[in-house]
Amino acid sequence: MNLLKKKAPVHTVYEKCLDCYKCIRMCPVKAIKVVKGQAHIMYERCICCGRCVNNCPTNAKRYRSDVDSVKLLLSGNRKAVVSLAPSFVSDLRGWTSEKIIAALKKLGFSAVSETALGADFLSAQIARELTQQDLTQSGGKPRFMISSACPAIVAYIKRYKPELAPFVSPHASPLLTHARFLHSRYGKETAVVFIGPCFAKKLEADLYENDIDAALTFQELDEWLQKENITPESVSVTSDCAFEPRRSAKGAFFPIEGGEITAFSAYISKAASAAKADTGQDLDTVSMSGINAVKRLLMNFEPESLDKPLFLELLACSGGCINGPGMSSCSLQRIIRNTRLRSYAGTADDTLDDSTLSLSPLIKADYPLNTLPKTIYTEQEIAEALQLVGKSNLDDRRNCGSCGYDTCRDLAVAFLNGWAEKSMCASYMRKLASQTANGIMKSTPSGAVIVDKHLQIIDCNEPFARIMGEETENLYADKPGLGGADLTKIAPFAQYFTSVIEPNGPDQIQCDVREGKKIFHIKVFAIEKGETAAGIVDDITEPRVRIDKTVERARDVIKKNAAVTQQIAFLLGENAAESEAILNSIIESYTVEEEEHDA
């Protein structure tokens with residue numbers, strides 16, 4: 001399937017992107033490339049975990065809204081059924097299950113069913129396999145299975161951990177299982193719309209568009225209800241405000257860490273009791289949530305090293321789906337979400353009866369994502385890429401992470417892949433800015449000085465030292481830049497620097513200061529209010545400077561008086577032209593004199 005035929009689940013609003021690279025820092029798989037300072041999501045690499053969306057400081061990363069598509073669907077002739085994630089009890093405050101069903105029907109849906117029913121079907125199937133089948137795999141090794149419940153985790157393993165892909169459960173996710181169940185119950189023409197806390201469900205809906213018509217987040221639902229002025233108080237609960245065909249059992253535990261293991265353990269106990277056998281006791285189970293924690297758990301893991309069968313329950317969101325990126329009540333404390341879900345799931349039946357389970361459709365499925373190709377670069381190529389940002393040796397590689405990558409080496413690989421730009425390296429840009437500033441300081445014929453708020457010199461050039469006199473010039477020869485010197489003891493115009501540094505002071509001051517036989521023309525401006533200021537200083541009593549200043553001021557006179565001259569030209573006649581000719585002659589004579597001086 002071509003995922004690009006409609007807008008991808010997560011995208012960038014480019015005019016809001018401010019090249020902070022926080023999205024790259026937060027992305028667990030670095031599925032973001034920077035082009036001309038803006039972060040572009042590489043859809044073929046994205047696992048839709050939502051971390052970039054929830055952590056973007058400017059709201060430039062957003063997920064695709066499918067509300068309009070669902071409204072269009074509801075306006076048609078197809079029956080539409082909601083697959084509602086059980087984590088609604090942790091998010092939609094004030095909404096009981098009966099009231100949220102009434103609200104969804106008011107929006108136009110025909111029925112509402114719990115996604116957790118699919119979780120129950122999946123749990124029962126896993127329980128059957130773990131009790132009725134040998135817990136070994138080919139070669140006599142202990143069986144190893146990774147849950148297929150979390151689409152972001154499955155996408156991560158399929159794309160980035162291909163060595164573990166064969167161990168992902170061949171069963172459909174709870175959502176896909178539930179969608180197929182709803183089609184078996186209501187007919188294939190029935191539209192199925194998922195509503196829950198997960199961005200990755202949008203990717204799953206794209207991959208299985210024949211089974212799942214759309215996926216909305218709780219946030220989308222909350223905003224939709226607000227626009228329609230539908231509140232818990234405004235809906236009327238009737239006898240048909242119940243989950244179809246019934247409420248789920250312990251599958252409602254799936255949204256929390258360890259919930260899937262809790263659910264299928266109940267079915268294992270049921271199967272063991274029915275068989276009057278002590279089955280499933282040799283199985284180890286491990287639950288882990290949070291994509292970065294999962295990455296660490298799977299790092300260098302070799303299934304061949306297992307000495308017992310193992311089932312891994314892995315969830316991309318820390319704490320489980322109840323903390324998914326699509327939750328509407330982001331301020332609600334995690335522990336409250338957890339306790340609400342546990343309380344709700346705790347009142348459900350332990351298992352579904354056999355008559356309900358018999359309605360379950362086939363739940364075999366394979367997540368259709370391919371392993372991403374990985375280009376291996378030579379050490380020489382990586383060294384050359386590092387050289388682009390001035391990192392020729394290990395001391396230059398600070399691994400500060402400001403670019404979004406964990407190490408300078410990772411950034412170099414991103415360069416080679418075409419995903420990164422030199423401007424992303426803060427230390428490189430700082431060094432470049434420093435070199436540029438130093439170049440300007442050294443090349444300008446005027447005196448230049450930078451001071452801090454205490455009027456201690458940060459840096460200055462040689463012309464400044466020369467203008468300030470022989471003593472300062474000698475000091476500069478011993479200590480280039482005069483770093484740490486007190487400006488008040490060197491220059492007679494230090495007070496102007498104090499003025500522009502003050503938070504409420506002017507941004508710039510330009511004036512002439514007389515000191516003995518010298519006249520200093522100074523331009524002082526704030527670099528950072530309250531912290532630093534810079535000054536450009538000329539001794540206009542020096543012959544060359546006098547020429548420059550006379551020419552500059554003559555040109556200024558012409559510029560300022562041009563408009564007036566034009567307005568009164570008819571009165572002055574040739575006198576106006578003569579005045580301009582005189583000024584131009586001054587410029588020309590000084591310019592010629594200056595050229596002769598240069599020669």
Side-chain angles (χ1 to χ4, degrees), residues 3-4 8 10 12 14 17 19-49 51-52 55 61 152-168 291-303 316 367 369-433 435:
L3 296 183
L4 300 182
V10 183
T12 300
Y14 296 115
C17 184
D19 64 8
C20 67
Y21 315 128
K22 189 171 184 179
C23 56
I24 301 178
R25 282 192 290 277
M26 301 308 298
C27 181
V29 293
K30 309 305 179 194
I32 297 171
K33 67 178 179 180
V34 174
V35 180
K36 295 182 180 179
Q38 292 185 315
H40 297 243
I41 296 172
M42 294 183 282
Y43 305 119
E44 72 281 2
R45 303 185 66 84
C46 178
I47 63 173
C48 294
C49 64
R51 287 171 60 84
C52 63
N55 288 282
K61 293 292 178 293
I153 289 294
V154 175
Y156 168 68
I157 292 174
K158 289 278 188 175
R159 285 176 163 165
Y160 296 95
K161 302 290 288 185
E163 69 277 12
L164 296 180
F167 301 102
V168 173
I291 184 63
N292 287 325
V294 168
K295 286 177 64 180
R296 290 191 293 270
L297 180 73
L298 298 180
M299 188 180 297
N300 300 322
F301 173 64
E302 297 177 355
Y367 217 54
L369 292 176
N370 297 323
T371 299
L372 293 172
K374 185 176 181 180
T375 305
I376 304 299
Y377 297 101
T378 66
E379 289 301 314
Q380 179 63 28
E381 289 173 318
I382 293 175
E384 290 174 356
L386 287 166
Q387 190 75 37
L388 291 175
V389 287
K391 301 181 185 300
S392 56
N393 55 61
L394 291 176
D395 291 337
D396 296 325
R397 302 171 195 177
R398 301 176 183 177
N399 299 328
C400 67
S402 62
C403 61
Y405 291 93
D406 295 332
T407 67
C408 296
R409 185 184 178 88
D410 291 340
L411 177 62
V413 172
F415 284 150
L416 295 169
N417 285 329
W419 303 339
E421 298 175 328
K422 292 193 292 184
S423 59
M424 295 170 63
C425 179
S427 61
Y428 168 74
M429 294 303 291
R430 191 180 300 114
K431 184 184 296 184
L432 184 63
Q435 290 172 347

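Note: hydrogens, waters and symmetry copies are ignored here, and every other heavy atom, side chains too, is used. Here the structure is a predicted model, which means the values were calculated and not measured.
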Chemist: Looking at K33, I'd like to know if its NZ atom is crowded, meaning that more than 12 non-hydrogen atoms belonging to other residues, nucleotides or ligands lie closer than 6.0 Å.
Modeler: no
Chemist: Report yes if some heavy atom in the side chain of L372 is under 4.5 Å from a heavy atom in the side chain of R45; otherwise report no.
Modeler: yes
Chemist: Any idea which heavy atoms bring K295 and P28 closest together, and the distance?
Modeler: NZ-O, 2.6 Å
Chemist: Can any side-chain N or O of T371 pair as donor or acceptor with the backbone N or O of Y160 at less than 3.5 Å?
Modeler: no
Chemist: Does P303 reach the side chain of F167, with side-chain heavy atoms less than 4.5 Å apart?
Modeler: yes
Chemist: If I take atom CG from residue L416 and atom CD1 from residue I382, how far apart are they, to the nearest 0.5 angstrom?
Modeler: 7.0 Å
Chemist: Examine distances only and state if a side-chain atom of R159 and a backbone atom of E44 form a donor-acceptor pair shorter than 3.5 Å.
Modeler: yes
Chemist: Determine the minimum heavy-atom distance between I32 and Y405, stating which atoms define it.
Modeler: O-OH, 3.8 Å
Chemist: Please round to the nearest 0.5 Å and tell me the distance separating atom CD1 of I24 and atom SG of C52.
Modeler: 10.5 Å
Chemist: Write down the atom of Y21, the atom of C403, and the distance for their closest heavy-atom approach.
Modeler: CB-O, 3.5 Å
Chemist: Looking only at heavy atoms, what is the nearest atom pair of G404 and K30, with distance?
Modeler: O-NZ, 3.0 Å
Chemist: How long is the straight-line distance from OH of Y377 back to OG1 of T375, given to the nearest 0.5 Å?
Modeler: 4.5 Å
Chemist: CE/M42 to SG/C27 distance, rounded to the nearest 0.5 angstrom?
Modeler: 8.0 Å
Chemist: Walk me through whether T12 and Q38 qualify under side chain to side chain contact (heavy atoms under 4.5 Å, CB included).
Modeler: CA-CA 9 Å; T12 300; Q38 292 185 315; 6.0 Å; no
Chemist: What's the separation between atom CD1 in I291 and atom SG in C49, rounded to the nearest 0.5 Å?
Modeler: 6.5 Å
Chemist: State, to 0.1 Å, how close I41 and C46 come at their nearest heavy-atom pair, and which atoms those are.
Modeler: CG2-CB, 4.1 Å
Chemist: When rounded to the nearest 0.5 angstrom, what distance separates CG in N300 from CD in E163?
Modeler: 9.0 Å
Chemist: Is the side chain of K158 donor-acceptor paired with the backbone N or O of A165 at a distance under 3.5 Å, no angle test?
Modeler: no
Chemist: Distance-only criterion, 3.5 Å: show the donor-acceptor pairs between side-chain atoms of residues 422-429 and protein atoms not counting sequence neighbours.
Modeler:
{"from": "S427", "atom 1": "OG", "to": "K391", "atom 2": "NZ", "distance (Å)": "3.0"}

Chemist: Just grab all the salt bridge (Lys or Arg N to Asp or Glu O under 4.0 Å) pairs involving residues 401-412, residues at least two apart or on different chains.
Modeler: E379-R409
Chemist: Using atom types as modelled and distance alone, determine if a side-chain donor or acceptor of R51 lies under 3.5 Å from a backbone N or O of R25.
Modeler: no
Chemist: Closest heavy-atom contact between A39 and C17?
Modeler: N-SG, 3.4 Å
